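Computed over heavy atoms, backbone and side chain alike; hydrogens, waters and symmetry mates excluded. Each chain gets a letter, A, B and so on, in the order its sequence line appears, and its residues count up from 1. Keep in mind the model is a prediction, meaning the values are calculated, not measured.
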Amino acid sequence: MNETPFRVINVGIPTFGETLRQQGAHVADVDWKPPAWGDPALIEYLERLEQPAVDQANAQVFERITTSRPHLVGVARASEVVPGMRPGVILHAGPPVSWEQMCGPMRGAVLGALIYEGWADTPAAAEEVARSQVEFRPCHEHDTVGPMAGIVSWSMPVFILENKTFGNRAYCTLNEGLGKVLRYGAYSREVIDRLKWMEDELGPALGRAIQESEGLDVRATIAQALHMGDECHNRNKAGTALFLKWIAPYLAETTDPGTASRVMRFIASNDHFFLNLSMPCCKAMMDAASNVPHSSVVTTMARNGREFGIRVSGTGNTWFTAPASSVRGLYFPGFGPEDANPDIGDSTITETAGIGGFAMAGAPAIVQFVGGTVHDAFAYTRAMYEITVGEHPVYTLPNLDFRGTPTGIDVRKVVSTGILPHINTGIAHKLAGVGQVGAGLVNPPREVFIKALTALAEYLRG
Amino acid sequence: MERKTLIRKGVFYDSVTLMRVSEAMKGLPGVRYAAVLMGTELNRGLLADRGFAVEARPDDLVIAIEASSATQLEDAAKTVELLLEKRNKKVVDEAPRSLKAAMHMLGGADLCIISVPGRYAVREAKEALRLGMDVFLFSDNVSVEDEIGLKQEAAAQGLLVMGPDCGTAYIGGRGIGFANVVRAGPVGVVSAAGTGLQEAACLLDQAGLGISAGIGVGGRDLSREVGGLMTLAAIDRLAQDAATKAILVISKPPWPEVASRVLKKLEATSLPYACVFLGQASTDGRAVPTIDEGCARLGELLGTGLEVPATLEQRLAPGFVFGAYVGGTLCSQAAYIFKLSGRTPATNLSAPWQDQGLYSYQGDVLLDLGADEYTRGRPHPMIDPSTRTDLLRRALVNPSFSVLVFDVVLGLGAHPDPAGELVRAIGAQEQDLASRVLVASVTGTDRDPQVRSAQEATLRAAGFTVCPTAASAARFAAQAAGRERK
C-alpha cells in the first residue's frame, strides 16, 4: 500500500521480518546472540562503560591512530636507538614471559641471539646464560615489535620509524626471509651468518640509502599495498615490491654495485620483507594512541607463544593475558596440527591498527588459508566493522567501494557482540629451528577482553 | 607401497590452493603421503627428502602421491584433478550481528523490531534509538523505569518507542507484528498496541475509511509514571503526516492529568479526533467507552457512516459468562462493558486469577490469555490456540457458565484457522451446548490470510452468534446472561 522504501531491522522472532518482507519492506535480520556471552555480570560492566566519556576517549584514540604518519627515517643498531636496550637485555614478542616458561621457538631464537652476540659459544653455554644472566623484556614495552619470536638483541639492525604527527618512534628488526630463520627459533650457523651479514652489510646499506632519501611514508605505502592485494600481515608481496622500487635508486647512489646487488636480491627473494615495516608503522600509530584515560580501544595485541596479551589505551601498560589459542590453518607438506606451536608474535599489531585480518576483503588471495572463498574474505572484514570504532580514512579497500578498513578495536564491542578479532598469521613449529609449518586464522582468547573490560569498569568506578 | 609423481607443465596455482589440495588428499583412502606443489627448488628439496626425485621447473605443478595400493594411488591421482577445480562453498555467515551492521547493510533504517528477551531488549532498543530509528518493542518484562528511560530518549530525538509488549503497528504503509491487511486511509490510530489497534484498523477498513498509520505505545503509556510520553509523540508524528486527516486514540482509562494533556495535544492538531478511554465516557463526547463507538464517531466526523450491521436476535441463557480472550485490550473492553451493565466479572487484568476453581466458580469470568501467566514458556494464544482449549475444557464442566464469549483475531502472524480451532475445542466437549449461548467476534478483514467472512461462517455453522465488533459481542453476552444473581 506504499511505494516508499521502508527499511526495517528485525532482532528476534523471524516471522516479524518475514511478514514485512512480504509487504515489500527491505528487512535485515540480525543474527542476534545474548551480549557478553550471556554473562549478567559482564553485561553490567558493559553498561557501566557504555557512556559518553568512553565514547569521547575512543574518538580521540581513533583520531590519534588515523592521523599518525609514520615515516621510515633510518636504520641503526638496536643498541643505538631502542630505549632501554642494554647488554644483557633481550626483547621478545608478546606479553612478559620468563625463560622457564618460553616456548620452543622463542628459546631457540634466544640461543641464536646469544651466540650471534658472542655472549655464548655453544647452544649449551647459551642456555646457561639465558637461564641466569639475561633480562627478558617484551618488545612492546620498548617501542619495538618483532614478528614470531620477536627476538631483538644489542647488535641487531632495526628500522627506525618516526611518527611525523606525534613525534614518537617505533623500531623493528629487518626480515630475515623464509626457511631456517631466527624468528622461528633456528640458530644454526647459516642463521647466525645471515644475521651477521644483515648487521654488517644490509643494515648499513639500507641506512645510507634512507639517509639519501627524504624517508618513506610507510602509511602511504601500506595504503597502496592494500590496493594491490596485500593485507600487510600475511601477504606483503606488493608492499615489498613497492619498497624495493622506492629504495633501489637510493641504494644505487649510495652503495657499491656488489652490495647493492646483494641487498636487492635479498629483498627481492623475500615476499615478507615489508612485514617488518608494516608492523612498526602500526606500532607507531598505536603507541601514539596509548594512555588516553577512559578509552576502551585495544592498543596492543601480541603473543609470546604461550599467552595472548592485549593492552588497552585507558589502562595504560597493563597486560591482560590468557593462554594463546591454536591457529586454524593449512600446513606445509609433511606437517600437521601436532607440530604447531601456539599462536606467537607481535605481528598482530597489524590487526590492532586495522589491517591484516581486518583488511582481508582487500586481499582475497589469502582467504583460502582458512578454507573459504573470496566471499568469506569480505565477510571477515565486514565482521570487524562490528567491533571497531571507525573506518580508516587512508587505508581503503577497493573491493568494498573504498570503504576504510575497520580500525580501533573497542573492548566493549568485542564483549557486547561476542565477535573476536580475526587475525591472519603464520604457524611456527613447536620445536626450535624447524621454522614455519603453515599459516591460518586465529582469534584471541575471549578472556583477555573480559579481563580488560572488567579492569576498565573497575577503573572507571575507582 | 605405491608412489607416483605427476608433472603438469606451466600450470600455476597459488601456494594456498595447493596447500588446501594437499591437505584434502591426505584424507583419501590409502594415501600415506601427498604433496601438490609448484616445482621450486625448495619444494623439490622437500620432495627429495621424501624420496621423490623430480625434474621440474618453478612454473610446473608437481603432484606426488604415496599410497598403499595401485588402485588407491590412481583414485588419488584422479581426485587431485577434481580438487584443483573445486570451488569451496562459503563458510562464513554473512548475517549482521549488530544493529549498526544491519543498518549499514540496508543503507539506513526506519524501524527496528525487537523481540528478544526483555532483559536484553532494552539494550537493543537504546542502540536503535542511538542510531536514529523508531523502535517496535514486542518484548515484555521491561521495567517501567526502563520504559520511561527509553521513551524520554526517543521523545528527545523525535523518535517513537512502540511498546513494550507492543504486538501491532502500521508504519510506513505496512503492518508490523500481528497486523491485519487493511486499506490505506485518512485515520491515524494511537493505541496501547495490541488487539485494540487491530480491532480499530479492521472496523475502519470495513467503514471504508482505512488508516494512515497505527502507532502502538504500550499498555502503560498513559499511566501516571510514563505520563503519555509516546502518545503525545505519536500525535505529533500523525499531525505532521500529510496522509493523516483524523486521529483515533485508544487506551485504558488514563491517569486524569495525562488524559487532559492528551486531549490538549489533540485539540492543538486541529484535526478531527476521537478518544476511546475504555469504559469511560466524557460528558462533552470527546471520549467514548468502546472501540466501535470511537470508530463510529470518527465516521461521523469524516462524514462516512459506519455500516450498520443487521440486528442480531438477542438470545437468553440466564447464568454467568465465561470469556476467554486472546486480545488484552478486547478483554479489558469487555470487562468495562460488563461493569457498565452492572456486572462484576472476575478478571486477570491486574493480577493473575486462580483459574483452578473454574469448574465450580459462581460468577462471570473474563480472562486475557495473552497475560504473562498464560504465555510463560509457550507461544501467544493468537499463534497457539491450545491455551484457550485447555481452559474451555474446565469452564464447560461448570454448568453455571451459560454464556461463552470469545474473540477471534486474524491477521499476519496469527494462527491460520483460529475459528476452526475454537469450534473444534467446543465440539470436543461432551457437555450440553444447546442450553448455552456462544458469542464471538472476528477481528479481521477479508484480505487477511484467514479471510474474515470464512471465519465468521465457520463460527455461525457451529451455532455461534457472531457479533460485528468485540464490544458488541461483550454487550450481547452480558445481556444474554440476564440479570446478575449472586
Of all the residues in residues 411-419 of chain A, which have a heavy atom that comes within less than 4.5 Å of a heavy atom in chain B? A/K413, A/S416, A/T417, A/G418, A/I419

Listed by residue number, which members of residues 44-56 of chain A have a heavy atom under 4.5 Å from any heavy atom of chain B? A/L46, A/E47, A/E50

Is a donor on one side and an acceptor on the other found under 3.5 Å between the side chain of B/Q450 and the backbone of B/G411? yes

Choice from [options] maximising heavy atom contacts with chain B below 4.5 Å:
{"options": "A/T19, A/L20, A/I43", "result": "A/L20"}
{"options": "A/K33, A/E18, A/Q22, A/H26", "result": "A/K33"}
{"options": "A/T15, A/I13, A/L178", "result": "A/I13"}

Roughly how far, to the nearest 0.5 Å, is [atom2] of [Y] from [atom1] of [X]?
{"X": "B/M105", "Y": "B/K100", "atom1": "CE", "atom2": "NZ", "answer": "14.5 Å"}
{"X": "B/R3", "Y": "B/I65", "atom1": "CZ", "atom2": "CD1", "answer": "11.5 Å"}
{"X": "B/I176", "Y": "B/I113", "atom1": "CD1", "atom2": "CD1", "answer": "6.0 Å"}

So, the part of B/M103 with a heavy atom under 4.5 Å from chain A: the answer is both

At a heavy-atom separation under 4.5 Å, does B/L37 approach chain A through its side chain, its backbone, both, or neither? side chain

Which heavy atom of [X] sits nearest a heavy atom of [Y], and at what distance?
{"X": "A/A340", "Y": "A/Y331", "answer": "CB-OH, 3.5 Å"}
{"X": "B/L160", "Y": "B/L129", "answer": "O-CD2, 4.5 Å"}
{"X": "A/P333", "Y": "B/A35", "answer": "CB-CB, 4.0 Å"}

Have A/N175 and A/N270 got a donor and an acceptor in their side chains that come within less than 3.5 Å? yes

When you check the side-chain N and O atoms of A/S296 and A/D410, is any donor under 3.5 Å from an acceptor? yes

Bottom line for A/R235: the part with an atom under 4.5 Å from chain B's heavy atoms is neither

Can you say whether A/N10 sits under 4.5 Å from chain B via the side chain, the backbone, both, or neither, judging by heavy atoms? both

What do you reckon, is [atom1] of [X] surrounded by more than 12 foreign heavy atoms closer than 6.0 Å?
{"X": "B/R32", "atom1": "CZ", "value": "no"}
{"X": "A/D401", "atom1": "CG", "value": "no"}
{"X": "B/E41", "atom1": "CD", "value": "no"}

Does a side-chain N-to-carboxylate-O contact under 4.0 Å join B/K126 and B/E153? no

Heavy-atom pairs under 4.5 Å with chain A: which of [options] has the most?
{"options": "B/S139, B/G413, B/G108", "result": "B/G108"}
{"options": "B/I171, B/L42, B/V181", "result": "B/I171"}
{"options": "B/A243, B/C112, B/S22", "result": "B/C112"}

So do the side chains of A/Y385 and B/H104 get within less than 4.5 Å of each other, counting heavy atoms only? no

